[in-house]
Amino acid sequence: SKSKEFEKALSTLEAVTGSSKSEIGELSDLAKKLGSTTAFTASQVLELQTELAKLGFKTDDIKNATGSILDLAASLDVDLAEAAEFSGSVVRSFGLTTKDTQQIVDVMALSTSSSALNFESLRESMKLVAPVSKAVGVSVEKTTALLAVLADRGLKGSIAGTGLAKTFIMLSKQGLTLEQGLDKLKSSGGDLNTAIDMVGVVAAKSFLTLAGGQQDIAGLEQSFKDAEGAAKKMAEIKLDNLAGDTTKLASAWE
């Protein structure tokens, strides 16, 4: 039965988190609430919370992140474990806290609906570039805008992640920000050889591509800063049909 399934999922969560009874009670109440108001069942919400616990998040962090990650999974049509792992890694790589999960999720959702980025390519790129972005002080919104510009011009996934990371590293060695590097590239004619001299062979293609799309970077970055509510809106649009109504009704019924 559904209640047995829920109890089993709750026991697993309890075992993984080692939380107190009152903390488990809070997570259980949240799972029931989200289970009755989203496309996911209460048991699935508990499974998501368990995934977050396995990633090392404590009760408060799990409470902060659960609702946002459900939005991400529903808006991008990815499974909960993947959504949890991705959101968790981005939060950590950029040195943010779980209170920032909603903003991260909204940026990711909006970027996939306003550029050629998709979940897979974002995940691959972020894995490679996020730690370097943090090291050189580039925000998650700006990083995503740069990846969107690259994706729109055909560079995605690990190619974009590696190219952008290497660009940051090579420019940083010369004491240049990305903007200063792009300006220097342009003022010196913007050819391939100059790009290779500045950032090396691996990054040259990404660097030249960003130079070609420089006018789009600021606008995208601003739209990502204003992304609040994007994931929820996308999730609702996807569920706004008969199948979605049935899904929500089944979750509420459970």
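Bear in mind that the values here come from a model prediction, so they are computed numbers and not experimental data. Positions are given from 1, in the same order as the sequence printed here.
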Would you say the side-chain atoms of Gln103 and Glu141 include a donor-acceptor pair closer than 3.5 Å?
yes

Straight-line distance of Ser111 OG to Asn118 CG, nearest 0.5 Å:
9.5 Å

Are Glu5 and Lys2 close enough that some pair of their side-chain heavy atoms sits under 4.5 Å apart?
yes

Note, Asp106 side chain near Phe224 side chain (heavy atom, < 4.5 Å)
no

For residues Met108 and Leu70: do they belong to one hydrophobic cluster (side chain heavy atoms under 4.5 Å, members Ile, Leu, Val, Met, Phe, Trp, Tyr)?
no

Going by heavy atoms in the side chains, are Thr101 and Val105 under 4.5 Å from each other?
yes

Here the pair of heavy atoms bringing Lys156 nearest to Ser125 is C-OG, 4.3 Å

Distance-only donor-acceptor check, side chains Thr41 and Ser43, under 3.5 Å:
no

Determine, stepwise, if the pair Glu120 / Arg123 fulfils salt bridge (Lys or Arg N to Asp or Glu O under 4.0 Å).
CA-CA 5 Å; Glu120 285 305 319; Arg123 184 168 64 172; 3.0 Å; yes

Nearest heavy-atom contact between Phe94 and Met126 is CE1-SD, 4.0 Å

Looking at CD of Glu228 and NZ of Lys233, how far apart are the two atoms once the value is rounded to the nearest 0.5 Å?
12.0 Å

CG on Leu46 to CG on Leu30, rounded to 0.5 Å:
9.0 Å

Smallest separation among heavy atoms of Ser223 and Leu110, with atom names:
O-CD2, 3.4 Å

Side-chain donor or acceptor of Ser115 paired with backbone N/O of Thr112 under 3.5 Å
no

Any side-chain to backbone donor/acceptor pair from Ser28 onto Ile24? Under 3.5 Å, distance only.
no

Search all heavy atoms of Gly190 against all heavy atoms of Leu208 and return the closest pair with its distance.
O-CD2, 3.5 Å

What I'd like to find out is whether the side chain of Leu80 reaches to under 4.5 Å of the side chain of Glu47, using heavy atoms alone.
no

Give the C-alpha distance, both sets of side-chain angles, the deciding distance and a yes or no for salt bridge (Lys or Arg N to Asp or Glu O under 4.0 Å) between Lys127 and Glu85.
CA-CA 11 Å; Lys127 207 185 290 179; Glu85 191 190 349; over 6 Å; no

Locate the shortest heavy-atom distance separating Ala203 from Lys166; write the atom from each residue and the value.
CB-CB, 3.6 Å

Should Glu236 and Lys232 count as an ion pair when the cut-off is N to O under 4.0 Å?
no

Let me check something: do Leu192 and Leu185 share a hydrophobic cluster, defined by ILVMFWY side-chain heavy atoms less than 4.5 Å apart, either directly or through other members?
yes

Verify the cluster assignment for Val90 and Val78: are they in a single hydrophobic cluster under the rule of side-chain heavy atoms below 4.5 Å apart?
yes

Hey, are Asp191 and Thr194 close enough side-chain-wise for a donor-acceptor pair under 3.5 Å?
yes

Path from Ile104 to Leu52 over hydrophobic side-chain contacts below 4.5 Å:
no

Polar side-chain atom of Ser89 near backbone of Phe86 as donor-acceptor pair, under 3.5 Å
yes

For the side chain of Gln49 and the backbone of Thr66, is there at least one donor-acceptor N/O pair under 3.5 Å apart?
no

Tell me whether the count of non-hydrogen atoms from other residues, nucleotides or ligands lying under 6.0 Å of NZ in Lys142 goes above 12.
yes

Would the distance check show the side chain of Ser188 and the main-chain N or O of Lys184 forming a donor-acceptor pair, the cut-off being under 3.5 Å?
yes

Ser87 to Ile69 - nearest heavy-atom pair and separation
OG-CG1, 3.7 Å

What distance separates Phe168 CZ from Thr143 OG1, expressed to the nearest 0.5 Å?
5.0 Å

When you check the side-chain N and O atoms of Thr167 and Ser206, is any donor under 3.5 Å from an acceptor?
no

Are Leu128 and Val138 connected in a single hydrophobic cluster, I mean Ile/Leu/Val/Met/Phe/Trp/Tyr linked by side-chain heavy atoms less than 4.5 Å apart?
no

